[in-house]
Amino acid sequence: MPQASLTSFDEGLVGSISASLGEPSWLTDARLEAFRQFVALPSEKSPLYTKYAKTFDIGLDRFKAAPGGSEIDFRSFFTGYLTGNESDILLQGNETQVHAELSRNVSSKGVELMSFHDALGRDEGAVRKLVEGRLVKSETDKYAAFVNAFFNCGTFVRVPKGVVLDKPLRKMLLLDSPRTPVIEQTFVVAEEEARLVYLEEQYSKGVPSPAFVASTAEILAGPNSHIDFSSIQLLDDQTTHLSNRGVGVSNDARATMSSLSLGASVSRSRTNFYLNGRGSFAEGFEIFFTDGEQRYDYETNLVHNSPDSTGSTQARGVLKGKSQSIFKGMIKIVKEAKNARSYLAHHVMILERTAKSDGIPSLEIDNNEVKATHSASVAQVDEEQLFYLTARGLPPDEAKRMVVLGFFEPVLSRVPIEQTREGARFMIEGKWEGEKRRLVDRETLLAATGELTPEVKESEDIFERHYKYR
Amino acid sequence: MKLEIKELHASVEGKEILKGVNLSVGQGETHALMGPNGSGKSTLAYTVMGHPKYQVTSGEILIDGESVVGLPPDKRVKKGLFLAFQYPVSVQGVSMFSFLRAAYNNSRPAGSESPTIFEFKEVVAEKLKLLNMDESFLNRYLNEGFSGGEKKKAEILQMALMQPKFAVLDETDSGLDIDALRVVAEGINKVSGPQMGSLLITHYQRILKYVRPQFVHVMFEGRIIESGGEELSRLLEEKGYTWIRGYREEEQAPPQVGQTL
Ligand SMILES: Nc1ncnc2c1ncn2[C@@H]1O[C@H](COP(=O)(O)OP(=O)(O)O)[C@@H](O)[C@H]1O
Ligand SMILES: [Mg+2]
């Protein structure tokens, strides 16, 4: 494909992205509608939060895009970072999805893990329904509208009714000086009584360069289903990161979202939990660690639309250097949501006085028979914890390190893949030491997980098999 | 070898709590320190261990004749001090195992080699047995969600691993049912011996049936106002802490010249 020239985010680009991806006209129209919202909306709608908008501005004007995916060589792109044994994995290099692979056992159950556009080709009706019923609505947020208008890639995961997956599905995005922003739209769907574990990883490789990653995700837990979603954001410190998630939980279903973020220069994250079914349950854990000039802007809301629903979300951060964070969170309970229980917490540790953090929790409750609590704190490392550890002989530095690293464990321990978990631990420790650590390479990972001499059976090596790329 | 506390004055947030404490604990001795709530027992414990909020304004804390005042807590550990906390702090995300291992390695004499993970597992397994504790305990986060009894047992486990020369046990008996009390008390007896001196802070006499002190001291309003043998604890039990109040008033009339109240 000839490389089109870069343009700013205008209406023409919407049309040409859609055309280059061969989309049906209803989707082009949906994009154009989203574009109108994008143009009309201010970057911050709520008067509660506008005073922070400037500090956390993502500077969209700096970026330009072109339609069409770039070509990358799968082997050289990923080979340093994978053992070759991975299965049930989707790999994406920049905006190009290069490899999707399900083990026979999983695919035979009808599980789907593929790019958004492959799913569109296979089951246009179902995808159309999902797009038209999106939880991340263009009219609610400028940047939701932005992704809905300009997405140039995406992931589709669906686990059919009654299928229980014990092994995680994994998506890895690797960024290497992308020419154009990576704008993605993800759907993770668990049908009735299905269970799935999903892990999403974002890394940068190569020399840090100004890059832009924006995404929306629809996480839909059908009746009685169970979704366990983890994500790890380890992009380099020149990347701008946008995320917008809608989590819909049906009756008696359960959704858990854990996220760990260390990277990006500016990160703007929105998560809305919609407890839509009676007896639904949602749980969020968000943990971040910033330093230098990083800016993190987080918003997580629990929206209780039905009785007997339970929601809990905790954001935790550690800040160093001149980094800044803001957390906004709201518990919203509608009149019909009798017996709803809700908990929202934001706790931050400031390691240096130059770092800054704010938390703005709020409540909007229209039913008296509910329980809703929130707690927030911005503090230095707890003095009593430090005293306790030093009274056990730990030197002050080691005591502090233990408390701070321990702060991440509740999320880290939920990461379903050991290598990813160890890789993230390694990055966190690096950040603590003040080192700029790169994406963990294969050797380091293997050393960390104790598999010093991995036995890669050649026939199972994903690099050896047929793969496709655009 | 002795832990000596001499005319110790200490304050917290500018308020003087300890008003001249004198106490000497020899190796191999068990001392009980009793006193009503708020008399300054925990303040003494924290001050001895070097809590940054508790300032020594005058007086001395000596181990083997050397002052530890001004030393950070980890350096006091190296001198052989241990404090079992009245309210052990929980730290989420730090496993009991990694914490105990760090405590063990950091309390050993300088120059001694740290055991491997496997060697340490054996060391800790033996101590767990001593306290009737399950190994699964090691996988939990430090004190997080522990019952009162589990917390106190964990403190004694740490003492058993660190093998201090002098241990201050701050209300290790409080919040325990009678069975847990017995296990903890037996644990204390197994860990202590001729090489360790202990100061057992307690509000009640009941633990003293299991851990028998040679010396009993009574603290009131930041001072030790009475010292004696075991019989003193029984006297306290019978007469209650109100008795001390009267006792003190008697003692102080007429006030001595130069005494500050
Ligand atoms: N960290 C602190 N901040 C303020 N006051 C304190 C602190 N610790 C102790 N105190 C005060 O010191 C006095 C003695 O308390 P404490 O040593 O805990 O007594 P005990 O352990 O004998 O019950 C009390 O009046 C208490 O309020
Ligand atoms: Mg006390």
Side-chain angles (χ1 to χ4, degrees), chain A residues 258 260 285-289 312 314-318 343 345-349 375 377 379-415 421-422 424-425 428-429 431-432 447-450, chain B residues 45-54 71-96 98-110 114 117 139-144 151 154-155 157-159 161-164 167-168 170:
Chain A
S258 325
L260 168 74
F285 298 95
E286 291 172 293
I287 292 199
F288 63 89
F289 190 174
S312 138
Q314 295 189 42
R316 294 181 168 200
V318 175
Y343 177 69
H346 171 244
H347 297 285
V348 159
M349 276 194 219
S375 80
S377 68
Q380 285 165 296
V381 182
D382 186 71
E383 196 180 11
E384 299 305 322
Q385 291 184 333
L386 289 183
F387 174 60
Y388 188 67
L389 297 183
T390 52
R392 295 299 177 253
L394 279 74
D397 277 355
E398 202 181 324
K400 208 167 179 180
R401 177 191 156 97
M402 206 175 232
V403 171
V404 171
L405 299 187
F407 202 58
F408 297 102
E409 275 306 310
V411 164
L412 273 181
S413 62
R414 303 188 77 91
V415 173
R421 190 167 57 237
E422 293 309 320
R425 272 205 186 101
I428 290 173
E429 283 169 19
K431 201 141 189 172
W432 170 258
T449 52
Chain B
Y46 281 142
T47 308
V48 167
M49 202 64 232
H51 192 300
K53 268 195 193 159
Y54 296 76
L71 287 185
D74 56 306
K75 297 276 163 42
R76 298 189 195 202
V77 170
K78 302 270 183 313
K79 302 260 180 204
L81 268 178
F82 178 84
L83 168 63
F85 283 60
Q86 180 174 3
Y87 304 110
V89 179
S90 64
V91 187
Q92 205 186 27
V94 173
S95 80
M96 212 60 210
S98 55
F99 165 72
L100 290 174
R101 190 157 175 247
Y104 185 73
N105 290 341
N106 280 297
S107 60
R108 289 155 56 78
S114 297
I117 284 207
N139 302 325
R140 297 172 66 181
Y141 290 152
L142 176 54
N143 291 325
E144 174 100 354
K151 280 188 188 163
E155 292 294 292
L157 177 70
Q158 290 160 46
M159 180 168 88
L161 281 168
M162 294 170 73
Q163 305 191 337
V168 180
D170 193 0

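Residue numbering restarts at 1 for every chain, and letters A, B, ... go by the order of the sequence lines. In what follows, every heavy atom counts, from backbone to side chain, and hydrogens, waters and symmetry copies are set aside. Just so it is clear, the structure is predicted and the values come from calculations on it, not from any experiment.
- In this structure, B:Leu81 and B:Val48 have side chains that are in contact, with non-hydrogen atoms separated by less than 4.5 Å.
- Among residues at least two apart or in separate chains, ring-ring contact (aromatic ring centres under 6.0 Å, His included) pairs with a member in residues 391-414 of chain A are A:Phe289-A:Phe408.
- There is no contact between B:Leu161 and chain A, counting heavy-atom distances below 4.5 Å.
- Taking the side chain as every heavy atom from C-beta outward, A:Ile428 and A:Leu412 approach each other to under 4.5 Å.
- A heavy-atom distance below 4.5 Å is not found between the side chains of A:Leu260 and A:Val415.
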(request) Take A:Met402 and A:Leu389, measure what side-chain contact (heavy atoms from CB on, under 4.5 Å) needs, and give me the verdict at the end. (result) CA-CA 9 Å; A:Met402 206 175 232; A:Leu389 297 183; 4.1 Å; yes
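- Contact annotation for B:Pro164: neither backbone nor side-chain heavy atoms come within less than 4.5 Å of a heavy atom of chain A.
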(message) Pair B:Val89, B:Leu142 - check side-chain contact (heavy atoms from CB on, under 4.5 Å), show working.
(response) CA-CA 8 Å; B:Val89 179; B:Leu142 176 54; over 6 Å; no
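- Of the atoms belonging to B:Met49, heavy atoms from both backbone and side chain fall under 4.5 Å from chain A.
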Below 3.5 angstrom, are there any donor-acceptor pairs between chain A and chain B, and if so, which atoms and how far apart?
| from | atom 1 | to | atom 2 | distance (Å) |
| --- | --- | --- | --- | --- |
| A:Arg316 | NH1 | B:Gln92 | OE1 | 2.9 |
| A:Arg316 | NH2 | B:Gln92 | OE1 | 2.4 |
| A:Glu384 | OE1 | B:His51 | NE2 | 3.0 |
| A:Glu384 | OE2 | B:His51 | NE2 | 3.2 |
| A:Gln385 | NE2 | B:Ser90 | O | 3.0 |
| A:Tyr388 | OH | B:Asn143 | ND2 | 3.2 |
| A:Tyr388 | OH | B:Glu155 | OE2 | 2.4 |
| A:Tyr388 | OH | B:Gln158 | OE1 | 3.4 |
| A:Tyr388 | OH | B:Gln158 | NE2 | 3.4 |
| A:Thr390 | O | B:Asp74 | N | 3.4 |
| A:Arg392 | NE | B:Gln158 | OE1 | 2.4 |
| A:Arg392 | NH1 | B:Leu83 | O | 2.9 |
| A:Arg392 | NH2 | B:Leu83 | O | 2.9 |
| A:Arg392 | NH2 | B:Glu155 | OE1 | 2.7 |
| A:Arg392 | NH2 | B:Gln158 | OE1 | 3.4 |

(message) Assess the residue pair A:Val318 and A:Val348 against the criterion (side-chain contact (heavy atoms from CB on, under 4.5 Å)); give the C-alpha distance rounded to whole Å, side-chain angles, the decisive distance to 0.1 Å, and a yes or no.
(response) CA-CA 6 Å; A:Val318 175; A:Val348 159; over 6 Å; no
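- For the pair A:Val403/B:Val94, no side-chain contact is recorded, criterion being any heavy-atom separation below 4.5 Å from C-beta on.
- Using a 4.5 Å cut-off between heavy atoms, B:Val77 contacts chain A through its side chain alone, with no backbone atom that close.
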